[in-house]
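Letters A, B, ... mirror the listed sequences (proteins, then strands); counts begin at 1. All heavy atoms count here, side chains included; hydrogens, waters and symmetry mates do not.
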There are 2 protein chains.
Amino acid sequence: MRFPKLFERLATLAPLPPEEWAKAEAVAKEQSLAKREFFMRPGDAADRFAVVLRGVFRGVRVSPRGGESIKAFRAEGELIGAYAEMLQRLPSMTAIEALEPSHVLVFQTQDFQQLEQGHVCWERLARRVAEQHFILKERREQEFLELSAEERLVKFWEEHPHLKGRIPQRDVAAYLGITEVALSRIMSRRRKRAE
Amino acid sequence: MRFPKLFERLATLAPLPPEEWAKAEAVAKEQSLAKREFFMRPGDAADRFAVVLRGVFRGVRVSPRGGESIKAFRAEGELIGAYAEMLQRLPSMTAIEALEPSHVLVFQTQDFQQLEQGHVCWERLARRVAEQHFILKERREQEFLELSAEERLVKFWEEHPHLKGRIPQRDVAAYLGITEVALSRIMSRRRKRAE
DNA sequence: ACCTGGGCTTGACCTGGGTTAAGGCGGCGG
DNA sequence: CCGCCGCCTTAACCCAGGTCAAGCCCAGGT
C-alpha cells in the first residue's frame with residue numbers, strides 16, 4: 001500500500017476494504033505541479049480529480065465579465081477537481097491552480113466508475129463525499145447571508161489556520177467576495193481597534 | 001401505487017424498482033399543514049424529511065443574533081427537511097414553514113435507513129440527491145461571489161418563475177441576503193429604468 | 001363603513017465596500 | 001548596487017445597501 005494515511009482517512013468516511021483500495025492505487029497516477037501550474041483550466045474536460053498529497057490549490061471561477069472569484073482552497077488530504085461540472089458532464093468552468101510546489105494523486109473519473117462497478121463501497125464513499133461537500137457549501141451560503149466581510153474573515157482564519165502564510169491576501173479577498181483593497185482596510189481597522 | 005408522478009420523478013434520478021417504491025409508500029405518512037404552520041422548528045430532532053405534494057415552504061435559519069435568513073423555497077415535487085443537520089446528527093437549526101396550505105409525504109430517516117438496507121437503489125438515490133443539492137448550493141455561492149443584489153434578484157425570478165405571487169417580498173429579500181427596504185428600492189429603480 | 005394590522009414603499013441619513021490611483025517595500029535578476 | 005516586479009497599503013471619492021421612521025394600501029374582522 002503506497003498511501004496508508006490516505007486509506008485511513010477515506011476509511012473513516014465509509015468502510016473501505018483494503019483490497020479495493022489496492023485497486024484504486026493501481027489506477028491512480030501521481031503528478032507533481034510547480035507553483036502557479038494548473039491542475040485544470042476552464043474549458044478542460046472535467047474527467048479527472050485528485051487528492052492533494054502535498055501543497056495547496058485554489059479553485060478559481062473566472063466569470064464571463066472577467067472577475068475572478070475563489071470557490072475554495074484545498075490542502076493536504078483534500079480533493080481537487082471540477083466537481084459540479086463533473087456531475088453535470090459539463091466542461092470545467094473552474095481553474096485549479098497550485099499555490100505551492102505540489103504533489104497529487106490523480107484519478108480518471110472513468111477509472112473510478114470502474115471501481116464503483118466492482119464494489120458498492122465506492123458508491124458509498126462517493127455519497128459521503130457529496131454530503132460533506134454539501135455541508136461545506138451550505139455553511140458558506142449561511143456566512144454570506146448572515147455575516148459581514150469582517151466576520152467572514154475572522155471565521156475564515158478560524159476554520160483554515162493551516163493556510164496561514166501559504167496563500168496571498170488577494171486570494172483570501174476573492175474567497176470572501178470582496179476586493180484586495182477592502183480586505184486591507186478591514187485588517188488595518190482591526191489592528192487599530194486592538195490598539 | 002399512490003404517487004405515480006413522484007415515483008417517475010425519483011426514477012429519473014436513479015433506477016428505482018416499483019416494488020421498492022411500494023415499500024417506501026408503505027412507511028410514508030401524508031401530512032397537511034395550514035399556512036404558517038411549521039414542518040420543523042429549530043431545536044427539533046432532524047429525524048424526518050418530506051416531499052412536497054402541494055404548497056410552498058420556506059427554510060429559515062434564525063441566526064443567534066436574531067436575524068432571519070432564508071436558505072431555500074421548496075414547492076411541489078421538492079424535498080423539505082434539515083438536510084445538513086440530519087447528515088451531522090444535529091438538532092435542526094432550521095425552521096421549515098408552509099407559506100400556503102400544503103400537503104406533504106413524510107418519511108422518518110429511520111425508515112429510510114431500513115429501505116437502504118433492503119436495496120442499493122436507495123443509497124444510489126440518496127447519493128444523487130446529495131449531488132443535486134451540492135450543485136444548487138454551489139450555484140448560490142457563485143451568485144454571492146459574483147453578482148449584485150439586483151442581478152441575484154433577476155436570476156431568482158428566472159429560476160423560480162413558479163413562485164411568482166406565492167411568496168412575500170420580504171422573504172425574497174431574506175433569500176437574496178438583503179433587507180425588504182433594499183429590495184423595494186431595487187424594484188422601483190428597475191421600474192423607472194423601464195420607463 | 002370603519003378600524004386594524006401586515007406588508008410594501010419612500011425618504012433621510014449613515015456606512016461598508018468598490019474604484020482608481022498613488023505610493024511602499026521586500027525579493028530577485030542584472 | 002540598482003531597478004523592476006509583485007504584493008500590499010493608503011487615500012479620495014462614489015454608490016449600494018443598511019437603519020430608522022413615517023406613510024400607504026388593502027384585506028379581514030366587527
Rounded to 10 degrees, the angle between the two terminal axes of the helix from dA1(C)-dT30(D) to dG30(C)-dC1(D), each from five pairs: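 Its terminal axes enclose an angle near 20°.
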Between [atom2] of [N] and [atom1] of [X], the distance in whole Å:
X: Ile186(B); N: dA16(D); atom1: CD1; atom2: P; answer: 10 Å
X: Arg36(A); N: dG6(D); atom1: CZ; atom2: P; answer: 10 Å
X: Gln169(A); N: dT10(D); atom1: CD; atom2: P; answer: 12 Å

Stretch residues 145-159 of chain B: residues that reach within less than 4.0 Å of DNA chain D through a heavy atom: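 By residue number: Ala149(B).
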For DNA chain D, the residues among residues 170-183 of chain A that have a non-hydrogen atom under 4.0 Å from it: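 The answer is Arg170(A), Glu180(A), Val181(A).
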Let me have the donor-acceptor pairs involving side chains of residues 152-164 of chain B, under 3.5 Å, with sequence neighbours excluded, atom names and distances please.
| unit_1 | atom_1 | unit_2 | atom_2 | d |
| --- | --- | --- | --- | --- |
| Arg152(B) | NE | Leu176(B) | O | 3.3 |
| Arg152(B) | NH1 | Leu147(B) | O | 3.0 |
| Arg152(B) | NH2 | Leu176(B) | O | 2.6 |

Heavy-atom check, side chain of Glu20(A) versus side chain of Trp122(A), under 4.5 Å: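 When only atoms from C-beta onward are counted, Trp122(A) and Glu20(A) do touch, with a gap below 4.5 Å.
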Side-chain N or O of Arg189(B) closer than 4.0 Å to phosphate OP1/OP2 of dC15(D):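 No, no such contact exists.
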Gln31(B) and His103(B): side chain donor to acceptor below 3.5 Å: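 Gln31(B) vs His103(B): no donor-acceptor pair found between side chains.
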Residues that Leu79(B) engages under side-chain contact (heavy atoms from CB on, under 4.5 Å), provided they are two or more places apart: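 Phe49(B), Val51(B), Val129(B), His133(B).
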Any salt bridge between [X] and [Y], counting N to O under 4.0 Å?
X: Arg58(A); Y: Glu97(A); answer: yes
X: Arg140(A); Y: Glu143(A); answer: no
X: Lys71(B); Y: Glu141(A); answer: no

Aromatic plane relationship, Phe7(A) with Trp21(A) - under 30° parallel, 30 to 60° tilted, over 60° perpendicular: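 Tilted: the ring planes of Trp21(A) and Phe7(A) meet at 30° to 60°.
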Donor-acceptor under 3.5 Å (Arg61(B) side chain, Glu68(B) main chain):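 Not at all, since once roles are kept as given, no pair shorter than 3.5 Å links the two residues.
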Any donor-acceptor N/O pair, Glu37(B) side chain to Ala34(B) backbone, under 3.5 Å: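 Answer holds: yes.
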Return all side-chain donor-acceptor pairs below 3.5 angstrom for residues 177-185 of chain A, not counting sequence neighbours, or 'none' if the list is empty.
| unit_1 | atom_1 | unit_2 | atom_2 | d |
| --- | --- | --- | --- | --- |
| Thr179(A) | OG1 | Ala182(A) | N | 3.2 |

Base dG18(D) paired with Arg185(B) side chain (donor-acceptor, <3.5 Å):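 Checked by distance alone, the answer is yes.
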Toward the 5' end of DNA chain C, by each residue's nearest nucleotide, Lys192(B) or Pro168(B):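 With Pro168(B) and Lys192(B) compared, the 5'-side residue is Pro168(B).
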